[in-house]
Amino acid sequence: MIQDARVLQDEFIPREVEHRDHEMNALSRALAPVTANEPAETAFLFGPSGAGKTCLARYALARLREAVIDLNYQYVNCWQDYTRFRALYRILEGIGSTADIHRQSTPTDALLERLATYDGPEFVVILDEVDQLHDDDLLYDLYRTVGISMILIANREEELFARLDNRLVSRLHAATRIRFEKYELNELVSILEDRVRWGLDEDVLSRKQLEWIADAAAGDARVAIGILRSAAREAEQDDVETIPDETVEAAIPRGRQEVKDKNIDQLTPHQKVLYEIIRENDGVAPNLLYAEYNERVAEPRAERTVRNHLTKLAHYNLIEKHGKGRGRTYSLV
DNA sequence: GTTCCACCGGAAACGGGGGACC
DNA sequence: GGTCCCCCGTTTCCGGTGGAAC
């Protein structure tokens with residue numbers, strides 16, 4: 001059944017990217033100066049999750065590396081590396097320059113200094129989920145650093161610009177901005193067809209079944225591939241030659257849940273308790289939520305910290321905040 | 001329409017933990 | 001071993017907001 005499981009993984013970079021020609025051309029134009037050993041234009045990729053932003057950025061750099069012998073690049077997920085220090089540390093990893101840096105004693109300025117003295121080949125940094133950076137100074141730092149080009153990725157353009165200060169906004173307005181839309185049904189189907197062709201036995205799924213999966217994924221490629229992965233895994237265990245409808249049907253909620261579970265796994269114990277309370281009490285009000293949290297946890301954190309945790313849960317797309325002020329409630333997505 | 005106040009989130013301070021240096 | 005410095009999760013403080021109550 002499964003010939004190459006890698007193509008069903010989220011991190012997989014395909015040999016060709018479909019339905020993103022316009023976006024790919026725009027990104028390639030922005031990166032083109034690198035081929036002449038010049039810094040690329042800053043590129044800004046916006047759009048909903050599962051629209052192929054990260055995939056396209058990685059793909060474009062992979063293509064670029066085929067054309068340019070000397071090129072360094074580094075991928076930074078600002079959701080995980082959200083402080084200035086951590087993001088800089090990750091960036092320096094891209095040029096193998098972190099051996100003597102200690103996470104709890106080296107000053108951030110020392111990392112900046114090291115980056116400033118970098119004189120290797122052109123260096124492209126992908127900052128994914130850039131709106132999650134706690135300190136926007138990092139973007140200034142990188143703008144000022146010679147020899148570093150940036151690809152910035154975020155979900156919502158307006159939200160990001162709203163919190164940046166004017167100097168940065170004017171610079172970013174000059175950047176190449178590339179907007180991604182959700183995939184259309186037929187686009188998702190053809191993405192799935194490719195994955196089946198590259199990774200599974202021939203004809204294990206009918207066109208109709210792929211349409212079904214694509215429809216359930218609602219424009220999100222990550223969810224679509226998650227469902228496909230779940231169905232293929234199940235069918236492999238059952239040792240069948242084609243995937244029956246029942247397996248596809250069962251894989252739809254499971255595939256969605258897998259995407260969710262990946263996020264839940266990254267939560268801290270306190271965040272997991274909050275998620276659990278909201279799961280059990282849909283539409284819970286803040287005061288009740290805090291009270292219940294205090295009940296369940298041995299050493300509860302302050303309310304302000306809890307609010308930070310809730311913001312995090314909302315950003316992971318695990319919970320939703322409804323209403324404002326006294327009308328605020330929390331529920332699962 | 002006005003007042004009240006629960007709630008939010010920014011900013012700054014605090015303190016734990018860990019490495020460097022003497 | 002003592003002291004200093006640094007990062008970072010957490011806490012404290014507080015002004016702004018908007019729905020509820022009057």
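Lettering follows sequence order; numbering is per chain, from 1.
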Show me the protein contacts with nucleotides 9-15 of chain C, counting only N or O atoms at under 3.5 Å.
from   : atom 1 : to       : atom 2 : distance (Å)
C:dG9  : OP1    : A:Tyr82  : OH     : 3.3
C:dG9  : OP1    : A:Arg86  : NH2    : 2.4
C:dG9  : OP2    : A:Tyr82  : OH     : 2.9
C:dT10 : OP1    : A:Arg301 : NE     : 3.1
C:dT11 : OP2    : A:Ala302 : N      : 2.6
C:dT11 : OP2    : A:Thr305 : OG1    : 2.7

Query raised in the report: Any salt bridge between A:Asp220 and A:Arg222, counting N to O under 4.0 Å?
Result: no
Ordered by number, residues from residues 275-292 of chain A within less than 4.0 Å of DNA chain B (heavy atoms) are A:Pro286, A:Asn287, A:Tyr290
- Would you mind checking if A:Arg254 and A:Glu234 are paired as a salt bridge, meaning a charged N to carboxylate O distance below 4.0 Å? yes
For residues 101-113 of chain A, the salt bridge (charged side-chain N to carboxylate O under 4.0 Å, His left out) pairs (sequence neighbours left out) are none
Does A:Ile95 offer a backbone N or O that forms a donor-acceptor pair with the side chain of A:Asn72 under 3.5 Å?
no
State plainly whether the residues A:Glu258 and A:Arg229 are in salt-bridge range, i.e. N to O under 4.0 Å.
-> yes
Its contact letters, B for base, S for sugar-phosphate only and - for none at protein heavy atoms under 4.0 Å, make nucleotides 17-22 of chain C read -BB---
Please determine whether a side-chain nitrogen of the Lys or Arg among A:Arg90 and A:Glu93 lies less than 4.0 Å from a carboxylate oxygen of the Asp or Glu.
yes
Its contact letters, B for base, S for sugar-phosphate only and - for none at protein heavy atoms under 4.0 Å, make nucleotides 17-22 of chain B read BBSS--
Check your understanding: Using a cut-off of less than 4.0 Å, is there contact between a side-chain N or O of A:Tyr330 and OP1 or OP2 of B:dC8?
Key -> yes
Residue set satisfying side-chain contact (heavy atoms from CB on, under 4.5 Å) with A:Ala216, at least two apart, ordered chain then number -> A:Ile227, A:Ile252, A:Arg256
Requested in this report: May I ask you to verify if any side-chain N or O of A:Thr108 is less than 4.0 angstrom from the OP1 or OP2 atom of C:dC7?
Outcome: yes
- Item | Salt bridge present between A:Arg296 and A:Glu280 (N-O < 4.0 angstrom) | yes
- Cationic N near anionic O, under 4.0 Å, A:Glu16 to A:Arg63: no
ask   = Got a salt bridge between A:Lys53 and A:Asp128, using NZ or NE/NH1/NH2 to carboxylate O under 4.0 Å?
value = no
Regarding A:Asp194 and A:Arg197, does a basic nitrogen lie under 4.0 Å from an acidic carboxylate oxygen?
yes
